[in-house]
Every structure is written in structure tokens, then in C-alpha cells.
Amino acid sequence: MVELFLCCSPDDLDTAAVVAARLEHTAEVTVVIDDSTTGSVAARWEGGLSSAAILLLLSPHAVPSRVSRTEWEAVLNHITSNAEPPIGFLFIAECGYPRLLERKRFFRWDEGSRAALRRIEEWVMRLHRLPERRSFVPARLPWFEGRQRELATLWEKLVDGAGTAVIYHSGAGGKTSLAQDFARQAGGHFRDILWMDCGDRSPVSIAGDLAEGLGIACEAGSEEDLKRLADVVGQHRVLLVFDDLRPGFDFVVGPEGRASVLITTRWEQGGAIQIDDAPPVELDIPEDPVTVRLWQAMAVCRPSGFPVELAAEIAEVEPGDVAAACARLIQGRLVDPFDQAAGRLRMSAASVAVAGGSLEAQRRRHADVVHAAIHPRTSHPDKARQYIPEVMPAFRWATKADWNLAGKLARQGYTYFRNHGRLAEGVELLIALRNAAELREDWQVSDECDWELSWVRNTPYRGADRGPVEGDQLSFSF
């Protein structure tokens with residue numbers, strides 16, 4: 001645990017206690033308070049040299065009334081040489097101190113305790129060993145404005161403490177945009193942001209994404225797995241976003257947890273932040289054929305967040321042309337920037353509708369690209385991980401348009417999920433293939449699915465041409 005050394009006067013102990021309580025819960029630090037009556041804070045600060053950072057509380061009780069170079073020399077030398085650990089200063093009331101202290105990490109309690117605590121917390125969060133690459137880096141939405149009341153509520157619920165907030169609108173009212181801009185503004189108060197794209201995805205699939213983001217396995221997708229995920233999330237100061245969450249997925253971080261949870265939903269809930277309709281958007285359709293081709297490829301991906309690389313593969317656009325085409329689409333409000341970490345965009349329902357109703361050639365290409373990406377022995381594991389949410393939509397299309405491809409997608413998808421600790425999702429895909437096979441009266445495929453499921457679920461099996469199963473399963477020879 002990161003340690004913060006807080007040095008103050010005994011008269012300022014109440015303020016120190018407020019700061020410590022906030023930081024220990026929401027900044028994941030241990031605060032050591034030195035409120036000795038011997039010497040000023042300018043003389044006692046070196047007691048924190050072994051800590052990760054030092055915070056001095058400045059007040060008439062803590063420092064001499066007259067500024068003395070001798071009194072402050074060691075502090076000034078430390079900060080001007082950028083020595084470790086860093087020192088911050090919390091100004092409580094008018095007192096004497098060198099104005100050089102105001103250059104950085106200087107916080108003013110007298111201008112509002114909430115603002116001061118937020119700024120201190122953001123500084124302290126940077127002391128943690130943060131991931132080299134954040135799971136989600138929300139992009140700035142160039143057109144986003146307003147929503148100040150809703151944003152203020154989100155800051156109070158999710159930044160000033162570990163809590164849960166729900167944004168509700170029954171349609172496409174700008175829920176995701178509000179959540180994205182909040183995550184962008186408040187990201188510095190969290191060690192990481194975990195953004196779960198829900199929509200029509202099953203609870204098992206959502207849990208699988210979350211487990212992978214946390215680096216743990218979620219084989220069964222059971223209630224016990226969800227509780228374990230909630231316990232792991234709650235251990236750290238992270239922002240967990242469930243975007244377009246639908247009924248049936250219950251995820252509760254315990255009251256002692258440090259994580260904050262933000263939910264956007266179309267389903268009304270008590271205490272939710274209900275937002276008004278977003279203003280209509282005028283779409284600017286490009287004339288450039290390369291840009292149009294890329295836009296139509298995007299329209300067959302999951303609109304709530306898709307990799308630009310996937311759309312480019314579908315459209316077969318040269319890498320050198322992608323950035324300029326994306327810029328034109330963003331400028332025309334046909335797509336929105338979304339996740340800078342993974343190079344993802346998102347697309348409004350209006351833009352998808354204008355792009356075209358069928359786009360069968362693009363949908364076939366989408367299914368082919370996804371099928372190739374999730375090969376069990378893929379040499380591009382990051383790409384495969386990015387394309388996982390596209391597997392089920394590609395499979396659903398293929399069950400109606402190309403049954404042979406549907407079988408390949410399901411079989412290969414099952415193997416991929418099984419090999420990557422996401423067996424519950426593989427089983428879900430296998431069941432979907434079996435159900436589709438039964439509707440087509442393809443009993444051979446249905447029988448193959450039942451055979452494998454009997455092993456996964458440890459249940460008896462007697463197929464059309466197989467006797468009772470005994471012993472160990474050797475392999476699944478799809």
C-alpha cells in the first residue's frame with residue numbers, strides 16, 4: 001500500500017483526519033499523521049522521507065509567522081531539485097510561507113474543501129504504479145457540451161466516494177456520451193477504467209470480458225463467479241462502467257469496496273439520473289468512395305464500440321487511408337471517437353440506418369474476418385481479444401445466410417473461449433449452434449454439440465450412434 005506522510009499542527013488535526021479518511025478510502029493509500037508539538041511542519045517534514053509522498057498542512061499553528069530562509073531552506077532545496085518523495089502543501093489559513101511553494105502541488109482548503117480533496121486525491125493517485133496501458137481511455141467528444149447538472153451528480157456519487165450511479169433514458173438519449181465524458185474528466189481519480197459494452201450481450205459474455213480485464217478466469221459464469229469478480233474489483237479504486245445494461249445481470253460491489261460503478265440503461269430504476277432527449281444530429285454523408293466504404297463496413301459491426309482495424313479489414317481499405325477517412329466520418333457526425341487505448345469508435349443508430357439496410361456483402365465479410373481472427377493458434381492475440389464481442393453477431397447472421405460458416409464460427413469460437421479461460425461463453429455458443437441445428441433438423445451437428453456438452457456439464461449422454469459415455473474425454477473433434 002502506498003504511504004503518505006501528513007505533517008500538521010495538533011490544532012489542524014481535524015482537517016488532517018478529514019483528508020486522511022478521504023485518501024485512505026478513495027485513493028488507496030495509508031496516511032501516517034505527524035501532529036507533534038515539537039517544531040513547525042517545515043522542520044518536521046523529513047520524517048516522511050521514506051514515504052511515497054509528503055503533505056504539509058499550512059496554518060498559523062503549523063509554521064512561524066515570519067518567513068525564514070533558514071526554516072524553509074531544506075524544503076525549498078528538495079522541491080527545486082525535484083527530489084523524491086514529492087511534497088504537496090495544503091493551505092488552511094493565512095500564514096507565512098515562501099511563495100515558491102505555490103508553483104505546484106499547492107492546494108487551498110479555504111476555497112472549498114471538496115475541490116481541495118479532489119485535487120489532492122488526483123495527485124496521490126499518480127503515486128500508484130498504474131498499468132502501462134489503461135484498459136479504456138475515453139476519447140474527447142468534440143461536440144459534447146452541457147449536462148453540467150448530471151456531471152456534478154456523477155462527481156459527487158462516484159469521485160467523492162465509492163458508489164454507484166445509474167443514467168437512465170428509454171431511448172438513444174445520450175447516456176453513453178454522458179458516461180464517456182464523465183470518465184474522461186474524472187479518469188485521473190481512478191487507477192483504471194473498465195468499460196463493459198453490454199447491450200444485447202449475455203451476462204456470461206459481460207462477465208467474461210470483465211474477468212479478462214482483471215486477469216482472472218471466469219469458467220462457469222455463475223453467481224459465485226460474479227461475486228468473486230465483485231470482490232476483486234472492490235479491492236481497488238477503479239471506475240467500472242456497464243454501458244446499456246439490461247435486466248438479468250446483477251453485480252454488486254460490497255460497501256467496503258473502493259470501486260465506483262456507473263450504469264447506463266434503458267430500463268427505469270429508482271434513484272437513477274434521468275436525462276432529457278439529446279438534440280437531433282445532422283449527418284453529413286461523405287462523397288469520397290473510400291470513406292463511404294469504410295462507413296458501411298462500420299455499420300455491420302457492433303455500434304456501441306468497434307475496433308477501427310476490424311472495419312478497415314471488412315472494407316479492405318489501405319492502412320494509409322484509414323485515419324483520414326475516420327476524421328471525415330467523425331466530422332460528419334457519422335461516428336464518434338470512443339476508446340483511445342484500443343482504437344475504437346462507436347456509431348449512432350441514426351448513422352447505422354442511413355448507411356443501408358442490408359449490406360449483405362459487408363456482413364459476409366464481417367463474419368469471415370471475425371472467423372479468421374479467433375483462430376485458436378492466432379498470431380494476433382490482441383486482435384482476437386478485440387473481436388470477441390463480434391463473434392455472436394457474426395454467428396447469428398451466418399445461421400441465416402451461410403450455415404457452413406455458422407458451424408465454423410461456433411466451433412472455432414468455442415475452442416477459443418475454452419482455451420482462454422472463458423468456458424461459459426464457449427458453452428453458450430455451443431448451445432446456440434445446437435439450437436440452430438435443431439431448427440434446421442441438422443441432427444448430426446446437434447448430436448455433436450450434445451456430445452461435447454455432456455463432457456463440459458458432466459451429464460450422461462446417449463446419442464443416435466453412440467453408447468453411454470465412460471472414461472475421460474480425449475478431444476472435441478469439431
Side-chain angles (χ1 to χ4, degrees), residues 197-212 216-226 248-249 302 363 366-378 381 384-478:
D197 168 25
C198 303
D200 60 352
R201 299 180 72 192
S202 70
V204 163
S205 184
I206 298 168
D209 266 5
L210 179 56
E212 186 156 305
I216 59 179
C218 185
E219 292 283 351
S222 62
E223 289 185 13
E224 290 75 14
D225 277 343
L226 287 180
F249 185 81
R302 283 183 56 80
R363 295 185 194 283
H366 171 270
D368 285 335
V369 169
V370 171
H371 173 243
I374 59 169
H375 193 282
R377 292 184 294 277
T378 178
R385 194 177 305 113
Q386 289 281 338
Y387 290 9
I388 281 176
E390 307 284 340
V391 172
M392 190 59 83
F395 169 75
R396 292 187 187 121
W397 173 84
T399 58
K400 300 173 183 176
D402 188 334
W403 179 238
N404 183 51
L405 179 57
K408 291 179 179 178
L409 269 164
R411 292 173 169 104
Q412 195 154 288
Y414 169 80
T415 304
Y416 177 89
F417 286 128
R418 184 189 63 184
N419 291 349
H420 288 81
R422 301 175 67 156
L423 180 60
E425 289 170 89
V427 168
E428 191 172 63
L429 193 54
L430 205 59
I431 291 171
L433 176 62
R434 183 193 63 186
N435 294 344
E438 290 176 354
L439 287 175
R440 296 176 62 90
E441 298 185 354
D442 187 336
W443 304 118
Q444 179 178 347
V445 171
S446 172
D447 189 51
E448 288 175 348
C449 292
D450 277 335
W451 169 256
E452 179 64 14
L453 287 168
S454 71
W455 289 106
V456 173
R457 294 171 163 178
N458 193 27
T459 55
Y461 168 83
R462 185 187 293 272
D465 57 355
R466 296 187 179 97
V469 174
E470 293 182 0
D472 297 326
Q473 180 189 25
L474 299 178
S475 66
F476 185 29
S477 57
F478 264 163

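Heads up: numbering here begins at 1 and tracks the sequence.
Minimum heavy-atom separation, Gly208 to Glu425: CA-OE2, 3.4 Å. Of all heavy-atom pairs spanning Ala367 and Ala394, the tightest one is CA-CB, 3.9 Å. The two atoms that bring Leu429 and Leu409 nearest to each other are CD2-O, 4.1 Å, heavy atoms only. Across every non-hydrogen atom of Ala373 and Tyr387, the tightest pair is CB-CD2, 3.3 Å. Pairing each heavy atom of Glu390 with each of His366, the nearest pair is OE1-NE2, 2.8 Å. The shortest heavy-atom contact between Arg434 and Cys449 is CB-CB, 3.6 Å.
Distance check, rounded to the nearest 0.5 Å: OH of Tyr416 to CD1 of Ile374 gives 8.5 Å. In this structure, Leu430 CG and Glu452 CD are separated by 6.5 Å, a value rounded to the nearest 0.5 Å. Between atom CG of residue Asp197 and atom CG of residue Asp209 there is a gap of 8.0 Å, rounded to the nearest 0.5 Å. Atom NE2 of His371 and atom CZ of Arg411 lie 10.0 Å apart (nearest 0.5 Å).
Annotation: Gln444, atom CD; neighbour count of heavy atoms from other residues, nucleotides and ligands within 6.0 Å does not exceed 12.
With respect to Tyr414, the side chain to side chain contact (heavy atoms under 4.5 Å, CB included) criterion is satisfied by exactly one of Leu433, Val391, Leu423: Leu423.
Within the 4.5 Å cutoff, no side-chain heavy atoms of Arg201 are placed close to those of Met392. With a 4.5 Å cut-off on side-chain heavy atoms, Ile388 and His420 do not count as touching.
In this structure, Trp443 has no side-chain hydrogen bond (donor to acceptor under 3.5 Å, both in side chains) partners at least two apart in sequence or on a different chain. Partners of Phe395 according to the ring pair (Phe, Tyr, Trp, His ring centres under 6.0 Å) rule, which considers only residues two or more places apart in sequence or in another chain, do not exist here. Taking Arg385 as the reference, Glu212, Asp382 meet the side-chain hydrogen bond (donor to acceptor under 3.5 Å, both in side chains) condition, with sequence neighbours excluded.
No donor-acceptor pair under 3.5 Å is formed between the side chain of Glu438 and the backbone N or O of Ser446.
Side-chain contact annotation: Glu428 with Ser205, donor-acceptor N/O pair under 3.5 Å absent.
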